[in-house]
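To start, the structure under review is shown below, and the notes come after it.
All of these numbers come straight from a predicted model, not from anything done at the bench. Convention: sequence-line order gives letters A, B, ...; per-chain numbering from 1.
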Protein chains: 2
Amino acid sequence: MRFQQLLHVRRLVSAGATTLMRRPITTTTITTTSRTALAATYPAFATTVRTMAGSGAPIPELTEITDNVQRGNYATLTDKDVAHFEQLLGKNFVLTEDLEGYNICFLKRIRGNSKLVLKPGSTAEVAAILKYCNERRLAVVPQGGNTGLVGGSVPICDEIVLSLARLNKVLSVDEVTGIAVVEAGCILENFDQRAREVGLTVPLDLGAKASCHIGGNVSTNAGGVRVVRYGNLHGSVLGVEAVLATGQVLDLMSNFKKDNTGYHMKHLFIGSEGTLGVVTKLSMLCPHSSRAVNVAFIGLNSFDDVLKTFVSAKRNLGEILSSCELIDERALNTALEQFKFLNSPISGFPFYMLIETSGSNGDHDEEKINQFIGDGMERGEIQDGTVTGDPGKVQEIWKIREMVPLGLIEKSFCFKYDISLPLRDFYNIVDVMRERCGPLATVVCGYGHLGDSNLHLNVSCEEFNDEIYKRVEPFVYEYTSKLKGSISAEHGIGFLKKDYLHYSKDPVAIGYMREMKKLLDPNSILNPYKVLN
Amino acid sequence: MRFQQLLHVRRLVSAGATTLMRRPITTTTITTTSRTALAATYPAFATTVRTMAGSGAPIPELTEITDNVQRGNYATLTDKDVAHFEQLLGKNFVLTEDLEGYNICFLKRIRGNSKLVLKPGSTAEVAAILKYCNERRLAVVPQGGNTGLVGGSVPICDEIVLSLARLNKVLSVDEVTGIAVVEAGCILENFDQRAREVGLTVPLDLGAKASCHIGGNVSTNAGGVRVVRYGNLHGSVLGVEAVLATGQVLDLMSNFKKDNTGYHMKHLFIGSEGTLGVVTKLSMLCPHSSRAVNVAFIGLNSFDDVLKTFVSAKRNLGEILSSCELIDERALNTALEQFKFLNSPISGFPFYMLIETSGSNGDHDEEKINQFIGDGMERGEIQDGTVTGDPGKVQEIWKIREMVPLGLIEKSFCFKYDISLPLRDFYNIVDVMRERCGPLATVVCGYGHLGDSNLHLNVSCEEFNDEIYKRVEPFVYEYTSKLKGSISAEHGIGFLKKDYLHYSKDPVAIGYMREMKKLLDPNSILNPYKVLN
């Protein structure tokens with residue numbers, strides 16, 4: 001009977017991407033054009049389109065007050081400074097009113113008190129701004145799409161916000177070599193759209209793609225859902241142009257995959273969160289977009305089965321595996337409760353996996369995925385699921401995954417952790433934390449990029465709760481450090497984790513980070529209060 | 001008729017990897033065990049096994065004299081120093097005699113005059129050596145397998161040679177995550193062998209694999225023949241342990257794909273050629289080894305057809321393409337003349353390509369490769385060739401590619417250039433250079449990693465010839481710079497190219513490289529006379 005079921009699965013899959021087993025997918029296909037309507041009906045949906053919409057958490061108090069921040073020894077902005085910037089950029093690009101969206105972080109956890117937002121339109125203008133600020137000792141926070149989760153892209157006190165939003169052009173895309181050159185303020189989704197026009201794809205994809213800037217992605221070394229296939233940005237980014245605090249333009253651009261001429265300094269700007277320089281332009285290696293994309297959404301009974309399924313996916317799907325995501329039942333259920341437009345094709349399992357394949361031959365890929373699912377079912381590791389190659393349905397399933405983090409902040413305060421852990425210990429921390437928080441927390445759940453050993457641990461409660469805070473931190477960092485994991489897999493350090501850096505880096509390394517900072521930003525005007533404490 | 005030929009091709013390929021068209025492969029399968037015998041018969045073969053064997057060029061004069069090098073202001077080695085090191089390491093690991101193999105570079109172009117070779121057995125010993133040398137102001141050159149091509153791994157004057165050869169252990173290999181931890185002195189082939197025991201493969205492969213050290217590969221950001229599939233080492237290397245000139249150990253190790261905790265300083269040690277620190281340990285992401293590997297060796301009539309075939313390979317082979325190499329007829333013929341044990345399955349074409357696929361399903365891969373070759377033949381772009389999936393024959397074809405660079409130095413002096421160029425201008429420089437050199441040069445040829453826009457331009461002559469030298473340099477760098485290419489795609493800068501760095505990097509960038517050097521090696525004891533002039 002099991003075998004008949006398998007054959008049934010294969011027939012359905014071969015027939016062209018529909019329901020594997022029990023239930024058909026009933027969600028509406030979400031296309032780009034229908035997004036506006038969806039956002040109107042479901043405000044939270046707009047968070048993937050427009051920053052700062054959606055979170056139901058109240059506007060926070062100023063972080064300088066709540067976190068007792070000692071303002072650095074910087075100059076205070078004067079009218080003369082504003083007049084200087086107006087002359088430099090034109091009045092339209094010097095904002096002094098309605099700055100809330102620039103001052104408050106995506107999670108509504110951090111709120112700065114900046115009085116000035118500058119919107120330069122060229123690298124030269126960025127350079128002129130920084131040169132002036134450096135001479136005047138005015139602190140500056142570079143800001144992209146402001147979708148970061150560690151308070152790295154908002155002011156903490158009264159830093160000037162340097163928005164990269166106008167540097168938004170895709171400058172070139174070479175369809176033969178796959179190399180694209182893009183300005184830092186280009187929205188990730190727009191960049192990907194342009195790459196797709198010539199048969200390429202940006203190797204980075206994440207839930208915030210409709211808002212986040214590629215320059216911000218690079219500055220935070222963003223990970224996302226395809227690292228398992230395309231690796232991290234240190235491999236994909238071929239060149240960077242960065243403006244230093246002094247206003248010097250550091251041209252580390254390259255339109256080639258290989259360039260071994262001197263020290264590979266561009267990597268200092270990948271993941272340093274705007275504290276060493278402002279990325280203004282970059283070149284990126286974009287793989288060919290795949291002719292066939294399939295997504296399987298499967299239910300499993302235990303984390304042990306999840307691990308076995310991951311190993312099987314690596315073996316059976318090999319070079320076409322492009323994503324391997326985990327969602328636990330509490331994370332999924334919270335998203336389904338908050339966003340009624342989502343429909344999960346399966347329910348009732350403690351664990352779910354979203355497995356994506358991307359390949360150049362649809363028939364081959366279907367055969368591989370059928371084999372993988374059939375084997376998993378036969379061994380009793382995969383319980384139920386759906387597989388689809390229909391682009392609309394693929395997008396619907398991805399939407400479930402993308403809405404999971406938003407579900408947790410929709411009407412709650414959420415303590416978010418983003419850790420790398422050995423796979424064998426990957427999920428334990430979620431159970432441990434649930435035990436520690438007890439009924440104080442409304443949801444304690446885990447999801448994330450299993451294929452990269454990267455867990456997003458979330459603890460939700462009605463509003464910020466100091467008792468929960470103390471139960472969670474620094475315990476989560478100590479736990480991670482004992483397993484030699486990373487206390488920040490992909491979100492970065494920003495403001496929120498700067499006191500915990502030592503859990504993942506030793507004093508010698510931190511000492512040299514400080515020296516790098518001194519060397520590249522001697523007056524420490526760039527993104528103060530972040531990364532290093 | 002053309003169609004019949006195509007069908008014939010497909011049948012042959014499906015039958016299991018044999019000759020596509022005219023001639024069968026007749027070379028003997030070269031296995032690891034037969035290497036010693038081959039090396040005895042054909043001395044040049046041993047260059048892939050043992051450094052310094054093979055090249056027919058005479059022992060050069062001391063570089064300090066030929067290149068008029070001004071010795072740096074370093075201390076001179078004393079008996080007391082030697083006694084100190086003997087106490088530290090034991091007498092067996094302090095060498096003062098028969099140092100030629102450590103003093104002369106692989107190409108026999110550079111010859112240093114070191115009087116001391118140290119062979120530490122642990123990171124702590126490396127640290128103790130450097131601390132002592134830094135305090136005494138003794139200059140040090142770190143040395144791996146000494147297979148570099150720009151004089152980066154040999155002394156220029158009397159620097160102490162710090163050999164990493166004893167730090168040769170593979171410390172761990174995780175077959176689930178694919179992450180391996182290895183000491184710097186491990187030979188690449190040994191590392192790969194260990195990875196293969198658990199179904200993984202090291203993502204780096206190059207001709208010198210039987211001699212080169214993984215630490216040297218990382219220190220030079222080595223490229224090799226699989227960059228088109230697995231990307232560069234900045235993506236694959238997850239962590240690095242480096243000893244600084246001061247003797248401080250900088251622990252930037254990570255056993256995870258994702259770790260965004262602070263500045264990503266490990267990249268400063270990837271490609272800085274031992275001038276900023278000595279890499280002693282690293283972790284690397286190793287992909288699963290492929291169940292099916294196929295190699296096609298094809299002949300083409302023009303470089304235009306080569307480019308079209310590359311584009312077709314990317315489209316048709318997609319995710320299974322693992323190598324795309326070019327060899328021109330002069331490069332191939334020189335290798336065939338020098339090494340009679342090589343047999344090319346085809347001949348008579350101006351261009352040859354070696355295209356490799358690696359995948360998880362042999363049937364699928366054969367179908368893709370048949371489609372690719374069939375299409376190329378039908379369009380008249382591919383003229384003739386062989387395709388094979390037999391491991392022995394795959395190795396034989398690779399051996400042809402690997403022996404090409406050795407053929408050019410077997411009985412000649414060879415000016416070697418390693419440049420990144422836009423694909424549309426990729427091969428022009430070879431014709432231009434042939435014209436410039438005229439009959440002075442015996443062979444002017446090009447081969448390399450077409451898939452990475454990386455050309456190896458070679459100009460051979462009987463012995464070093466100043467007239468050729470002047471015709472080639474700086475012309476080749478100026479030409480590359482005008483096309484915004486890289487004057488060193490993968491070989492690095494070392495000693496030989498340090499005066500040309502400005503052709504690929506601007507003064508601001510070079511200025512900050514100098515600052516990085518001062519910060520990490522304040523007394524400039526590490527690998528002097530290299531990278532920066």
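- With sequence neighbours excluded, the residues forming a ring pair (Phe, Tyr, Trp, His ring centres under 6.0 Å) with A/His449 are A/His456, listed by chain and number.
- Per-residue heavy-atom pair counts under 4.5 Å with chain B were compared for A/His491, A/His267, A/Lys314, and the maximum is reached by A/His267.
- Contacts between A/Leu421 and chain B at a heavy-atom distance below 4.5 Å involve the backbone alone (N, CA, C, O).
- Both the backbone and the side chain of A/Asp251 have a heavy atom closer than 4.5 Å to some heavy atom of chain B.
- Only the side chain of B/Val311 comes within contact range of chain A, with heavy atoms under 4.5 Å apart.
- By number of non-hydrogen pairs under 4.5 angstrom with chain B, the leading residue of A/Asp418, A/Ile487, A/Ile510, A/Thr275 is A/Thr275.
- Heavy-atom distances place the side chain of A/Leu268, and not its backbone, under 4.5 Å from chain B.
- With a threshold of 4.5 angstrom between heavy atoms, A/Pro287 does not approach chain B through any atom at all.
- For A/Asp259, the parts lying under 4.5 angstrom from a heavy atom of chain B are both the backbone and the side chain.
- Using a 4.5 Å cut-off between heavy atoms, A/Leu519 contacts chain B through both its backbone and its side chain.
- Contact of B/Val249 with chain A is made through the backbone alone, with heavy-atom distances under 4.5 Å.
- For chain B, the nearby part of A/Arg229 is the side chain; its heavy atoms alone come within less than 4.5 Å.
- Using a 4.5 Å cut-off between heavy atoms, A/Ile270 touches chain B through its backbone atoms (N, CA, C, O) alone.
- Only the side chain of A/Phe256 comes within contact range of chain B, judged by heavy atoms closer than 4.5 Å.
- With a 4.5 angstrom heavy-atom cutoff, A/His288 touches chain B only via side-chain atoms.
- When heavy atoms are compared at a cutoff of 4.5 Å, A/Tyr500 does not approach chain B at all.
- Taking chain B as the reference chain and counting heavy-atom pairs below 4.5 Å, the highest number among A/Val176, A/Leu317, A/Val531, A/Asn232 is found for A/Val176.
- Of the two parts of A/Gln248, only the side chain, counted from C-beta on, holds a non-hydrogen atom closer than 4.5 Å to a non-hydrogen atom of chain B.
- Neither the backbone nor the side chain of A/Asp363 comes within less than 4.5 Å of any heavy atom of chain B.
- With respect to chain B, the highest number of heavy-atom pairs below 4.5 Å among A/Ser358, A/Gly511, A/Gly359 belongs to A/Gly359.
- With a threshold of 4.5 angstrom between heavy atoms, B/Arg315 approaches chain A through its backbone and through its side chain.
- Looking at A/Lys484, the atoms closer than 4.5 Å to chain B (heavy atoms on both sides) all sit in the backbone: N, CA, C or O.
- Note on B/Glu273 versus B/Lys530: no salt bridge recorded, every NZ/NE/NH1/NH2 to OD/OE distance being 4.0 Å or above.
- Of all the listed residues (B/Ser504, B/Ser486, B/Ser254), the one sharing the greatest number of non-hydrogen pairs under 4.5 Å with chain A is B/Ser486.
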